[in-house]
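Counting convention: from 1, in listed order, for ligands and their atoms alike. Each residue takes its place number in the sequence, starting with 1. As a basis for the values below, the full set of heavy atoms in this structure was taken, side chains included, without hydrogen atoms, waters or symmetry mates.
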Amino acid sequence: MTHLARPIRIRRTPFTDAVDAAGVSIYSVYNRMLLPAAFDGFEEDYHHLKRHVQLWDVSCERQIEIAGPDAARLADMITPRDLSKMVEGQCSYLPVVDETGGMLNDPVIVKHGDDRYWISLADSDLLLWVKGIATALKMDVRVWEPDVSPLAIQGPKSDDLAARVFGEAIRDLRFFRAARFPFQGHQVLIARSGYSKQGGFEIYVEGTENGMPIWDALMAAGADLEVRAGGPNGPERTEAGLLSYGADMTDANTPYECGLVKFCKLDKPGDFIGKSALIKAQEDGPQRQIRAVAIEGRQPFCDRPWAARVGGHFAGQITTAYWSPDYDCTVAIAMMEKAHWTGGTEVEIETREGPARGLVRDAFWA
Ligand code: THG
């Protein structure tokens, strides 16, 4: 068993001391920052997440703030998604592509106003791309990473816990909407969102020093709800088909290959980077696409892509795989080639530990 080291360049979060004290057993690194991946193990954490409520230190979902008269134009420039109808306090899932139509990140964008947005990043250095575009186009906008650390409340008891700490009005917050709620004399920004299908919120904690008071209040208020520290859970997010940038897709993939067609509007008002490449990609149609695959038996952690074959021919690659206690199989995410992506296709998978039988599905589990 080897371990990753924790030098200073892997950034701590406002909650790292509390996460360590809560007994984190596996950390991941995301945007050069610590991300708790497991406490009592993937399976035990999974059952708890689906039954109770957890606090997730997702500070590593770093924000890019864009502020100034050209903020809306800059946001529009980096994505094929039509942002023209977004209102203040709305969140949107955002494919960001380069000039070849390749995915650079799949963040959530939060609109604060026509001249101010946050881009809540997945794991890639998008700040450099956005700063570069703003600089090259001489835009009247400031682009930086503010001291903002998302703290997620996830699980079926999320509303009950949040209502105790932030007031009953939070129950009326709609999915992918953000609003301010009172906490100890401050107004904190909270969205109904998160990287699970169990329901919940994300608190955008502004100022490192404001993190632990919120953590402690939620832990104290939720003792009888069995609140625990947690983190994005591998098997749960795989069942839900929530993609992980850098694993399930990279800059080699278009949004169409990633199944994100509904977030692309190529004839939206305003130009955007990658438009001509995506027009061609849409005309040609994707040659491979994200699929759910059920694999027989309990498979190892997927630390490199596993080839999927049909009759000895390359049919695709598995990029995420976790044992699912509820579905009694290894649930997986794959990029499948067009000839083999139909639901019901049987594939042979070269896992790290040997061959296994898999079945391509028409949809994810949850
Ligand atoms: N929340 C916030 N920032 C994030 C994530 C998050 N940054 C990193 C990462 N997660 C970005 N990736 C995703 C992937 C999926 C979703 C959100 C962020 C997601 N998808 C829903 C779904 O697929 O059902 C809803 C999408 C929609 O309909 O708009 O929530 O989790 N702040």
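Counting the atoms of ligand 1 from 1 in the order shown, those under 4.0 Å from a heavy atom of K197 are 24 (O). Of all atoms in ligand 1, numbered sequentially from 1 with element shown, those under 4.0 Å from a heavy atom of F176 are 29 (O), 30 (O). Heavy-atom proximity to L121, at under 4.0 Å, picks out these atoms of ligand 1: 7 (N), 8 (C). Close approach of ligand 1 to E202 (heavy-atom distance below 4.0 Å) involves ligand atoms 1 (N), 2 (C), 6 (C), 31 (O), 32 (N). The distance from ligand 1 to the heavy atoms of D106 drops below 4.0 Å at these ligand atoms: 11 (C), 12 (N), 13 (C), 14 (C).
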N/O donor-acceptor pairs under 3.5 Å from side chains in residues 131-141, not counting sequence neighbours:
unit_1 : atom_1 : unit_2 : atom_2 : d
K131   : NZ     : V143   : O      : 3.1
T135   : OG1    : K131   : O      : 2.6

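Within the 4.0 Å heavy-atom shell around ligand 1 one does not find Y245. Using 4.0 Å as the threshold, Y30 has a heavy atom nearer than that to some atom of ligand 1. For the ligand labelled ligand 1, residue G194 lies inside the 4.0 Å heavy-atom shell.
By heavy-atom distance, the residue among A178, S120, C91 lying nearest atom 32 (N) of ligand 1 is S120. For atom 25 (C) of ligand 1, the nearest non-hydrogen atom from the set F175, Y93, W118, F263 comes from F175. Across L242, L243, V108, heavy-atom proximity to atom 15 (C) of ligand 1 is greatest for L242.
Identified under the salt bridge (Lys or Arg N to Asp or Glu O under 4.0 Å) test for residues 216-226, with sequence neighbours left out: R164-D224.
Ring geometry for F183 versus F166: interplanar angle of 30 to 60°, hence tilted.
Looking at Y204 against ligand 1, only its side chain comes within 4.0 Å, counting heavy atoms.
Between E61 and ligand 1, an N or O atom pair is found at a separation short of 3.5 Å.
The closest side-chain donor-acceptor pair between T342 and T345, if any, does not fall under 3.5 angstrom.
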